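No experiment lies behind these values; they were computed from the predicted model shown. No hydrogens, no waters, no symmetry mates; every other heavy atom, side chains included, goes into these values.
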Amino acid sequence: MMRRTIRVVSLLALLLASLGACTGAPIPQAELQAVLDAQREAWNKGDLEGFMQTYEHSDELGFVGASGLTRGWEPTLANYRRGYPDAESRGRLDFELLSVRPLGADHAVVVGRYHLERAEPADGFFTLVVVRTSDGLRILHDHSSAAAKRQP
């Protein structure tokens, strides 16, 4: 009985400590906007590797797009290179933040809209899971989808 009580008390202490770690201020919207600004700048220069610097550089990175789920930084970069091999296909990228939902002090869910200005413009939406790391904010997961085409 004593061991069980000690385990319960230990678990409660651990839970309270982890809750205490989440009481810091949420990620400011300006920091999240800076991530999107860095992506837009790199994309519009044709620097896909620079664009990817805002993503978590790990095998755990998740990207969901028209082709389904891609796991990992390198495969995600490879998909971008295949899908946007030249300046004409990349076009000029712009973003609009639609909502930010803090998940504690170090995580947020970001919803936004993207627009690619090119010969055949493309519009869509994205949801990002972002984390604060020692290297700054990084995208852990990106779900991007094209908007439905409007009928004339």
Side-chain angles (χ1 to χ4, degrees), residues 7 9-147:
R7 276 191 210 153
V9 169
S10 296
L11 286 173
L12 284 173
L14 181 62
L15 177 62
L16 289 172
S18 66
L19 287 174
C22 294
T23 60
I27 299 169
Q29 187 166 331
E31 281 188 54
L32 295 164
Q33 184 64 54
V35 169
L36 298 180
D37 291 346
Q39 283 193 315
R40 180 180 61 240
E41 185 178 321
W43 184 276
N44 291 338
K45 286 181 186 175
D47 180 6
L48 292 180
E49 214 166 285
F51 174 84
M52 287 291 299
Q53 293 310 306
T54 56
Y55 287 89
E56 177 184 23
H57 200 296
S58 80
D59 293 337
E60 294 304 310
L61 170 65
F63 183 93
V64 177
S67 304
L69 175 64
T70 299
R71 273 276 177 226
W73 194 89
E74 294 290 340
T76 299
L77 175 58
N79 284 348
Y80 274 121
R81 285 182 174 150
R82 266 191 308 278
Y84 303 95
D86 54 37
E88 186 177 324
S89 63
R90 277 189 308 277
R92 295 215 30 96
L93 177 63
D94 203 5
F95 293 118
E96 178 186 359
L97 266 178
L98 298 177
S99 80
V100 175
R101 172 101 189 236
L103 300 175
D106 295 325
H107 294 80
V109 174
V110 177
V111 177
R113 177 180 292 150
Y114 69 84
H115 174 73
L116 280 176
E117 187 59 45
R118 56 188 186 182
E120 190 174 319
D123 293 287
F125 299 92
F126 59 87
T127 302
L128 308 174
V129 176
V130 179
V131 64
R132 182 186 313 280
T133 72
S134 59
D135 295 324
L137 297 183
R138 293 293 180 264
I139 298 167
L140 300 174
H141 186 83
D142 180 336
H143 186 155
S144 294
S145 58

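- D142 and S144 share a donor-acceptor pair across their side chains, judged by distance under 3.5 Å alone.
- The line from NE2 of H57 to CZ of R138 is 10.0 Å long, rounded to the nearest 0.5 Å.
- Ion pairing of D59 with R71 is absent here, as no side-chain N (NZ or NE/NH1/NH2) approaches a carboxylate O to less than 4.0 Å.
- In this structure, the side chains of T127 and H141 stay at 4.5 Å or more apart for every pair of heavy atoms.
- Within 6.0 Å of atom CD in E96, more than 12 heavy atoms from other residues, nucleotides or ligands are found, so the atom counts as buried in its surroundings.
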Could you go through the side-chain contact (heavy atoms from CB on, under 4.5 Å) check for L128 and L36 one step at a time? CA-CA 11 Å; L128 308 174; L36 298 180; 4.2 Å; yes
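- In this structure, A108 and V100 approach most closely via the heavy-atom pair CB-CG1, 4.3 Å.
- The residue from F126, F125, Y114 that alone fulfils the ring pair (Phe, Tyr, Trp, His ring centres under 6.0 Å) condition with F95 is F126.
- In terms of heavy-atom proximity, H107 sits nearest to L140 at CD2-CD1, 4.1 Å.
- A salt bridge links E49 with R81: at least one charged nitrogen is closer than 4.0 Å to a carboxylate oxygen.
- To the nearest 0.5 Å, atom CE of residue M52 and atom OG1 of residue T54 are 7.5 Å apart.
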Please walk me through it: do Y55 and Q39 pass side-chain contact (heavy atoms from CB on, under 4.5 Å)? CA-CA 10 Å; Y55 287 89; Q39 283 193 315; 3.2 Å; yes
Given the rule in the side-chain contact (heavy atoms from CB on, under 4.5 Å) test, do V130 and E31 qualify, once you have shown the distances and angles that lead to the verdict? CA-CA 11 Å; V130 179; E31 281 188 54; over 6 Å; no
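- Aromatic ring centres of Y80 and F63: separated by under 6.0 Å.
- The heavy-atom pair separating E56 from L61 by the smallest distance is O-CB, 3.7 Å.
- Remark: side-chain polar atoms of R118 are paired, donor with acceptor, to backbone N or O of S89 under 3.5 angstrom.
- Taking CZ of F51 as the start and CG of N44 as the end, the distance is 10.0 Å to the nearest 0.5 Å.
- Distance check: L32 CG to L97 CG gives 7.0 Å after rounding to the nearest 0.5 Å.
- Taking 4.5 Å as the limit, some side-chain heavy atom of R90 sits within range of a side-chain heavy atom of L48.
- Under the side-chain hydrogen bond (donor to acceptor under 3.5 Å, both in side chains) criterion, T70 pairs with N79, sequence neighbours left out.
- The distance from atom CG of D94 to atom CD of E117, rounded to the nearest 0.5 Å, is 10.0 Å.
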